[in-house]
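Since the structure comes first, as structure tokens, the remarks are kept for the end.
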Amino acid sequence: KIRFSVRTRKESSIAKILVLFYNKIIHKVLKLEDAHTASFYFMKYIFFSYFGLSFPIVKKLIEEGNEVTVALVQDVSELGIPGKKEDNEEKKNRLSLYDGVFEKKPAKQVISEMSRIKNKDEYFVVFDFNDLWKYSELALKLGFKNGFFPLKDDFELESDREKAQILVDEHYNGLKVAEIHDFKKIEDAIQFIDESEKPFVLKGNLEAAKTVVPMYKNIELVKEKLKKTLIKDRKDYEAKGFILQERIENVCEITPEIMFYNGKPLFTTVDIENKPIGSGNIGIQTGCACCYVFKTNKEDKINKLAFPDFVYEKAKERKGLFVWDASFLIAENGDMYFGEYCPNRWGFDSIFNEISMCDSVTSFFESIVKGKDPIKKEH
């Protein structure tokens with residue numbers, strides 16, 4: 001097992017050549033029959049992305065001497081999500097991310113190339129968000145087993161709030177649910193807002209319909225913000241309907257997370273997000289100034305509540321990496337409310353923190369494939 005410290009693109013290229021040469025020599029000398037065992041140390045990576053959220057991870061893997069193929073979705077229509085759209089300027093900016101830093105290939109081209117790969121166990125395939133489920137399910141059908149494979153069910157559980165609510169009612173005891181009202185038409189919602197004296201949060205069922213949390217104490221300002229947003233983005237909200245959920249006052253949000261590999265639990269963390277101050281909406285990752293991620297013990301009380309038995313059962317059914325988190329809102333009086341699911345996709349406000357608690361990005365993935373906790377003990 002070798003590591004390189006590289007500072008320039010030239011050094012990175014040399015390191016990559018050396019690693020590839022070393023891999024071939026070791027495979028020949030040891031005559032390893034189990035390619036899966038060999039891949040623990042000589043994995044090649046394929047990353048699929050739409051927004052480029054995982055590109056910082058890709059960059060570090062390349063700098064550490066790994067072979068990484070990057071597959072970028074070229075058009076929103078490839079995701080097969082009704083109502084999801086992007087304008088020409090958004091598309092141009094998205095496709096230009098990391099230009100000159102590493103090569104990006106069209107996702108359709110990469111999935112075609114993967115169909116011709118014979119040594120599939122040497123590859124770790126990552127789909128960095130669950131809206132990539134169509135490509136992910138294709139990779140599973142091609143026989144790839146190592147990686148991060150979100151399915152359609154994961155995406156629907158995050159985007160279909162009614163489906164998520166049913167799951168909460170069935171499996172989460174001790175959690176309260178804030179008052180929720182479903183709507184199909186903007187006019188009905190506006191009438192309800194005008195007649196109510198409670199502050200509400202707006203959440204659309206379509207991915208493009210953004211969540212709006214008016215932070216004003218003045219109820220009239222809250223109403224005005226909600227109504228203006230609904231009118232401005234009418235098509236997005238009416239496409240699949242939307243909800244108004246009661247805003248819990250003076251709340252603390254925490255997000256417990258558990259990570260599995262081939263059904264085995266590896267580690268648990270809890271993420272505390274500083275939401276009120278964002279990045280100024282100048283990039284892809286917005287709406288959160290910073291995150292505090294803490295390692296927890298699997299037996300901690302919060303994890304007993306956050307990960308009931310059905311989570312472990314779901315993990316056993318899945319190949320590769322499986323991530324589950326559900327946010328909780330804790331009110332001043334101690335009441336705990338369910339927030340939302342982000343099933344089987346990284347929380348991109350926290351994954352970078354988790355990786356920073358490991359020896360390297362490479363060690364993060366190598367430890368996972370070996371079924372070991374990648375986070376160093378001191379964390």
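All residue numbers refer to positions in the sequence shown, counting from 1.
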Practice task
Could you walk me through whether Met357 and Val293 pass side-chain contact (heavy atoms from CB on, under 4.5 Å), step by step?
Solution key: CA-CA 10 Å; Met357 293 190 280; Val293 177; 3.9 Å; yes
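- Linking ILVMFWY residues whenever their side-chain heavy atoms come closer than 4.5 Å, directly or via other members, places Val361 and Ile375 in the same cluster.
- In summary, the aromatic rings of Phe307 and Phe310 are positioned with their centroids too far apart to meet the 6.0 Å limit.
- Within the 4.5 Å cutoff, side-chain heavy atoms of Lys304 are placed close to those of Glu299.
- To the nearest 0.5 angstrom, Leu230 atom CG is 4.5 Å from Ile186 atom CD1.
- Rounding to the nearest 0.5 Å places OH of Tyr123 at 13.0 Å from OH of Tyr45.
- We find that Asp236 and Lys85 are joined by a salt bridge, their nearest charged nitrogen and carboxylate oxygen being less than 4.0 Å apart.
- No side-chain N or O of Glu78 forms a donor-acceptor pair with one of Gln74 less than 3.5 Å apart.
- Ion pairing of Glu86 with Lys92 is absent here, as no side-chain N (NZ or NE/NH1/NH2) approaches a carboxylate O to less than 4.0 Å.
- A donor and an acceptor atom, one from each side chain of Glu354 and Thr269, are located under 3.5 Å apart.
- Between Glu179 and Lys198, at least one side-chain nitrogen of the basic residue sits less than 4.0 Å from a carboxylate oxygen of the acidic one, meeting the salt-bridge criterion.
- Between the side chains of Thr268 and Asp300, no donor-acceptor pair of N or O atoms lies under 3.5 Å.
- Cation-pi geometry between Arg94 and Tyr50 is met: under 6.0 angstrom from the ring centre, within 45 degrees of the axis.
- You'll find the ring centres of Trp324 and Tyr341 inside the 6.0 Å limit.
- Comment: Lys314 engages Asp153 in a salt bridge, judged by a side-chain N to carboxylate O separation of less than 4.0 angstrom.
- Taking a cutoff of 4.0 Å between a charged side-chain nitrogen and a carboxylate oxygen, Glu187 and Arg234 qualify as a salt bridge.
- The aromatic ring centres of Phe192 and Phe183 sit less than 6.0 Å apart.
- Between the side chains of Gln109 and Glu113, at least one donor-acceptor pair of N or O atoms lies under 3.5 Å.
- With rounding to the nearest 0.5 angstrom, the CZ atom of Phe242 is 9.5 Å from the CG atom of Asp182.
- Using modelled atom types, one finds a donor on one side chain and an acceptor on the other under 3.5 Å when comparing Asp128 with Ser49.
- In this structure, Ile46 CD1 and Met114 CE are separated by 4.5 Å, a value rounded to the nearest 0.5 Å.
- We find that Glu63 and Lys59 are joined by a salt bridge, their nearest charged nitrogen and carboxylate oxygen being less than 4.0 Å apart.
- Clustering ILVMFWY residues whenever any of their side-chain heavy atoms sit less than 4.5 angstrom apart, transitively, puts Leu53 in the very cluster that holds Val110.
- Looking at Asp154 and Asn130, their side chains never bring a donor and an acceptor atom within 3.5 Å of each other.
- Using modelled atom types and a 3.5 Å distance limit, the side chains of Glu90 and Asn93 yield no donor-acceptor pair.
- Phe129 has its ring centre no less than 6.0 Å from the ring centre of Phe48.
- A salt bridge does not link Asp131 with Arg345: every distance from a Lys NZ or Arg NE/NH1/NH2 to an Asp or Glu carboxylate oxygen is 4.0 Å or more.
- The aromatic ring centroids of Phe148 and Phe124 lie 6.0 Å or more from each other.
- To the nearest 0.5 Å, atom CD1 of residue Ile272 and atom CD1 of residue Ile254 are 7.0 Å apart.
- For the residue pair Asp373 / Ser367, no side-chain donor-acceptor distance below 3.5 Å is found, with atom types taken as modelled.
- Ring centroids of Phe102 and Phe55 are separated by less than 6.0 Å, placing the two rings close together.
- Between Phe144 and Phe149, the distance separating the two ring centers is not shorter than 6.0 angstrom.
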